[in-house]
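Please read the structure below before turning to the comments.
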Amino acid sequence: MGRPGLSRLLTLILAAITLAWSAPAAASGPFANWAAVVVAGDWHAHSGGPSEAFDNARRDVAGELERIGFPRENLRQFSVRPERYKTPGLAKSDPRTIYEGLTELAAKQPDGCLVYFSSHGAPTGVVVDQTILPPGILGAMLDRTCGARPTVVVISACFSGVFIPSLATPNRMVLTAARPDRTSFGCGEADKYPYFDDCFLQSTPLAKDFPGLASAVRTCVAQREQKEGVKPPSEPQVYIGPELRPMLPLYAFPAPPSKGG
């Protein structure tokens, strides 16, 4: 009789220890130890005039990432004109500076990476200030900083589908604003956000995880383009690596704050 009682006591103690160890991790959320960078790569409208669209997207995407659980101290923002804004720690958009920032963050936050670009694009890559960041270079940057850990890459730019072949590794998810041969829309002088970024911001509070978000963003973009009468449709693209796909439900988004009293 004594031995079964002892076994039950040990089981209860082990269960309590397991709960104590797991509770802080659960409470901190699935993105507590992820590194994230959000980049505004240009400040010009498609007309060549000034536009706040990319920096508005950079600022508000970063805020939405914080809401779903990315700690502010693990998130870096980059702008072509950092002196113009009051965002603490805002750095200059430059490929080397972005790489160094991601390197520093990833060394401290080992669980995953998220990289978001909002800019103009070309068939050869995404605009970052006075340069084009090609898919192969971004892929090498991610290989060296984030390696095999879960990684989500979002590129809001014309022709951004060109990034998928270079970034499509088993541990990554890639969401782009357009097909490799299509433009995206909404980067005029009067636009608050590019259409894709606007849809990302609208859809995140309604999504449960990144695959659901990708689906919602694609639907939102198609509806917005139809409403505005722009064509041909940009057709945002999504790739989810086979190793990452079964893990993504574990990275669930929190429910949005209730609007009720």
Exercise for the section: Kindly indicate whether a cation-pi arrangement holds for Arg58 with Tyr85, taking the cut-offs as under 6.0 Å to the six-membered ring centre and within 45° of the axis. Expected result: yes
Exercise for the section: Walk me through it: do Phe159 and Asp181 pass the test side-chain contact (heavy atoms from CB on, under 4.5 Å)? Expected result: CA-CA 6 Å; Phe159 310 109; Asp181 59 343; 5.5 Å; no
Practice task
Answer yes if the side chains of Asp94 and Tyr99 hold a donor-acceptor pair under 3.5 Å, and no otherwise.
Solution key: no
Problem - Same cluster (ILVMFWY, side-chain, under 4.5 Å), Val152 and Ile164 - result: no
Practice task
Would you mind reporting whether Pro71 and Glu66 have side-chain heavy atoms less than 4.5 Å apart?
Solution key: no
Exercise for the section: Take Glu64 and Arg59 through the salt bridge (charged side-chain N to carboxylate O under 4.0 Å, His left out) test and state the conclusion after the steps. Expected result: CA-CA 9 Å; Glu64 190 60 17; Arg59 178 197 65 218; over 6 Å; no
Handout entry: Spacing of CD1 belonging to Ile155 relative to CG belonging to Leu138, to within rounding of 0.5 Å
Key = 5.5 Å
Problem - CA sep, side-chain torsions, deciding dist, call: Met173, Val153, side-chain contact (heavy atoms from CB on, under 4.5 Å) - result: CA-CA 6 Å; Met173 173 177 171; Val153 184; over 6 Å; no
Exercise for the section: Give me the ring orientation class for Phe185 and Tyr195: parallel if the planes are under 30° apart, tilted from 30 to 60°, perpendicular past 60°. Expected result: tilted
Practice task
Write down the atom of Val238, the atom of Ala214, and the distance for their closest heavy-atom approach.
Solution key: CG2-CB, 3.9 Å
Practice task
Verify whether one side chain among Asp129 and Ser93 offers a donor that lies under 3.5 Å from an acceptor in the other.
Solution key: no
Exercise for the section: Would you indicate whether the side-chain heavy atoms of Met141 and Leu133 approach each other to under 4.5 Å? Expected result: yes
Exercise for the section: Flag the pair Phe54 / Tyr193 as yes when their ring centroid distance falls below 6.0 Å, and as no otherwise. Expected result: no
Problem - Where Pro165 and Val162 come nearest, the two heavy atoms and their spacing - result: CD-O, 3.5 Å
Practice task
Please examine the side chains of Pro194 and Ser118, heavy atoms only from C-beta on, and report whether any two atoms are closer than 4.5 Å.
Solution key: yes
Problem - Side-chain heavy-atom pair Ile98, Phe117 within 4.5 angstrom cut-off - result: yes
Problem - same_hphob_cluster(Leu175, Val115) at 4.5 Å side-chain heavy-atom cutoff - result: no
Problem - Candidate pair Gln77 and Leu75, rule side-chain contact (heavy atoms from CB on, under 4.5 Å), full reasoning - result: CA-CA 7 Å; Gln77 297 183 51; Leu75 195 158; 3.8 Å; yes
Problem - Backbone of Gln109 reached by a side-chain donor or acceptor of Arg149 within 3.5 Å - result: yes
Practice task
Give the ring-plane orientation class for Tyr251 versus Phe31, where under 30° counts as parallel, over 60° as perpendicular and anything between as tilted.
Solution key: parallel
Practice task
Could you grab the distance from atom CD of Gln237 to atom CZ of Arg182, nearest 0.5 Å is fine?
Solution key: 9.5 Å
Practice task
Kindly assign one of parallel, tilted or perpendicular to the pair Phe210 and Trp34, based on the angle between their ring planes and the thresholds 30° and 60°.
Solution key: parallel
Handout entry: Whether Asn171 side chain and Gly147 backbone form a donor-acceptor pair below 3.5 Å
Key = yes
Fill in the blank from the handout: Output for pair (Asp60 CG, Thr204 OG1), nearest 0.5 Å, gives 11.5 Å
Problem - Asn74 side chain reached by Arg72 side chain, heavy atoms, under 4.5 Å - result: no
Handout entry: Same apolar cluster: Phe163 and Leu114, side chain cutoff 4.5 Å
Key = no
Problem - Derivation of the salt bridge (charged side-chain N to carboxylate O under 4.0 Å, His left out) call for Arg224 and Asp198 - result: CA-CA 10 Å; Arg224 177 69 181 275; Asp198 196 6; 3.1 Å; yes
Problem - Shared hydrophobic cluster for Phe70 and Val61 (ILVMFWY, side-chain gaps under 4.5 Å) - result: yes
Practice task
Please check if atom CD in Glu83 has more than 12 non-hydrogen atoms from other residues, nucleotides or ligands closer than 6.0 Å.
Solution key: yes
Exercise for the section: Would you check if Val126 and Ile132 make a side-chain contact, meaning some heavy-atom pair closer than 4.5 Å? Expected result: no
Problem - Interatomic spacing from OG1 in Thr131 to CD1 in Ile137 - rounded to 0.5 Å - result: 10.5 Å
Problem - Side-chain (Lys92) to main-chain (Val80) donor-acceptor, under 3.5 angstrom - result: yes
Problem - Flag for Asp42-Ser119: side-chain donor and acceptor within less than 3.5 Å - result: no
Practice task
Would you sort out whether Arg76 and Glu104 count as a salt bridge (charged side-chain N to carboxylate O under 4.0 Å, His left out), showing the intermediate values?
Solution key: CA-CA 10 Å; Arg76 297 279 176 85; Glu104 181 182 345; 3.1 Å; yes
Completion exercise
Nearest heavy-atom approach of Ser184 to Ala157 is OG-C, 3.4 Å
Exercise for the section: Flag the pair Glu73 and Lys108 as a salt bridge only when some basic side-chain nitrogen lies within less than 4.0 angstrom of an acidic carboxylate oxygen. Expected result: no
Practice task
Decide yes or no for Val217 and Ser203: does some side-chain heavy atom of the first lie under 4.5 Å from some side-chain heavy atom of the second?
Solution key: yes
Handout entry: Verify same cluster id: Val38, Val174 (apolar side-chain graph, 4.5 Å)
Key = no
Fill in the blank from the handout: Nearest heavy-atom contact between Arg172 and Leu244 is C-CD2, 3.5 Å
Exercise for the section: Might you work through the side-chain contact (heavy atoms from CB on, under 4.5 Å) test for Thr176 and Tyr239, ending with a clear yes or no? Expected result: CA-CA 9 Å; Thr176 72; Tyr239 163 85; over 6 Å; no
Fill in the blank from the handout: Distance col, row Phe200:CZ vs Cys220:SG, nearest 0.5 angstrom, shows 12.0 Å
Practice task
Please report the closest heavy-atom contact between Leu248 and Pro211, naming both atoms and the distance.
Solution key: CD1-CG, 3.5 Å
Handout entry: Minimum-distance pair of heavy atoms, taken over all atoms of Pro95 and Val128
Key = CD-CG1, 3.8 Å
Problem - 4.5 Å side-chain heavy-atom contact, Gln223 and Glu228 - result: no
Handout entry: Rounded distance (nearest 0.5 Å) linking atom CG of Asn56 with atom CG of Leu201
Key = 10.0 Å
Practice task
For the pair His46 (side chain) and Gly186 (backbone), establish whether a donor and an acceptor sit closer than 3.5 Å, ignoring hydrogens and angles.
Solution key: no
Practice task
Kindly say whether Ser156 contributes a backbone atom to a donor-acceptor pair with the side chain of Ser160 at under 3.5 angstrom?
Solution key: no
Problem - Flag, side chain of Glu225 to backbone of Ser234, donor-acceptor distance under 3.5 Å - result: yes
Problem - Backbone N/O of Gly188 and side chain of Ser51: donor-acceptor pair under 3.5 Å - result: yes
